[in-house]
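Have a look at the structure below before the remarks.
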Amino acid sequence: MSILAERGHARPATPVPAPLRPVRVLRGLRGEVKRPPTRARVVAGRRPAGAPCAAPRRVPVRWPWLAALAVASCLVVTGLGLLGGGTTADAPVPAETATVSVGQGDTLSALAARFAPDSDPAAVVARIKELNRLDDAVLVPGLPLTVPVAGVPAP
């Protein structure tokens, strides 16, 4: 007995704590290292009940859009052809002719553009070859040529 108990000054007995047990600390799940929150959790090879297994995603039909795009592009090409195609149908080759002298560096197409600017240059060149009985397009400076002219000939 203790000295206090002998003298009658006894303290109430304090409960003795139970021996400590080791505590298990959870540090995350070892099977899931970095799983994104949008991905389903797979346990022991089983798939979740709500998710279908590898069901292909249905792609919406795009044929109406492709058909509309094809029609629109055809309309654009046709419109550009109508607007830009009007300039190719030039006036006919003029019937009036004039005799000119070939200058240094002149070509048949340059003469056709100078003397018949509103006509088709290829048709005017063919008419110049026909009028002058030319086989090739080699011109000698000072050579007189008969060319079709529209209105007043340019110098």
Side-chain angles (χ1 to χ4, degrees), residues 15 17-155:
L20 296 177
R21 294 185 323 170
V23 177
R24 183 174 161 191
V25 178
L26 296 177
R27 297 187 184 181
L29 301 174
R30 294 182 187 200
E32 299 178 9
V33 178
K34 295 285 184 183
R35 179 180 56 88
T38 56
R39 190 168 175 192
R41 182 175 167 205
V42 178
V43 178
R46 292 182 293 169
R47 296 195 180 266
C53 59
R57 190 176 75 122
R58 185 165 173 88
V59 178
V61 179
R62 294 183 181 160
W63 288 108
W65 285 104
L66 291 175
L69 182 64
V71 168
S73 60
C74 287
L75 288 175
V76 167
V77 168
T78 303
L80 290 175
L82 291 175
L83 291 175
T87 59
T88 58
D90 293 326
V93 178
E96 297 179 37
T97 60
T99 303
V100 296
S101 180
V102 176
Q104 182 70 24
D106 276 345
T107 61
L108 290 178
S109 54
L111 290 172
R114 186 182 327 148
F115 291 103
D118 294 333
S119 300
D120 182 23
V124 174
V125 167
R127 180 74 175 140
I128 292 172
K129 285 182 179 181
E130 178 187 332
L131 289 172
N132 298 292
R133 296 186 182 112
L134 296 173
D135 291 334
D136 55 354
V138 176
L139 298 179
V140 178
L143 177 72
L145 283 181
T146 304
V147 295
V149 292
V152 180

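The residues of the chain are indexed from 1 along the displayed sequence. Side-chain atoms are counted along with the backbone in the values below, which use heavy atoms only and exclude waters and symmetry mates.
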Can you pull the salt bridge (Lys or Arg N to Asp or Glu O under 4.0 Å) pairs that have at least one residue in residues 75-84, sequence neighbours excluded? none

Residues that E130 engages under salt bridge (charged side-chain N to carboxylate O under 4.0 Å, His left out), provided they are two or more places apart: R127

Donor-acceptor check, side chain of T146 to backbone of A98, threshold 3.5 angstrom: yes or no? no

Under 3.5 Å donor-acceptor pairs involving side-chain atoms of residues 60-75, not counting sequence neighbours:
{"unit_1": "S73", "atom_1": "OG", "unit_2": "L69", "atom_2": "O", "d": "3.2"}
{"unit_1": "S73", "atom_1": "OG", "unit_2": "A70", "atom_2": "O", "d": "2.9"}

Looking at V149 and P94, what are the two nearest heavy atoms and their distance? O-CB, 3.1 Å

Locate the shortest heavy-atom distance separating A112 from P121; write the atom from each residue and the value. CB-O, 4.1 Å

Look up atom CG in L134 and atom CG in L143, then write down how far apart they are to the nearest 0.5 Å. 7.0 Å

Please lay out, stage by stage, how L145 and L139 fare under the test side chain to side chain contact (heavy atoms under 4.5 Å, CB included). CA-CA 10 Å; L145 283 181; L139 298 179; 4.0 Å; yes

Which residues pass the side chain to side chain donor-acceptor pair (under 3.5 Å) test with T97, sequence neighbours left out? none

Under the side chain to side chain contact (heavy atoms under 4.5 Å, CB included) test, which residues partner T78, sequence neighbours left out? L82

With sequence neighbours excluded, give me every salt bridge (Lys or Arg N to Asp or Glu O under 4.0 Å) pair touching residues 93-111. D106-R114

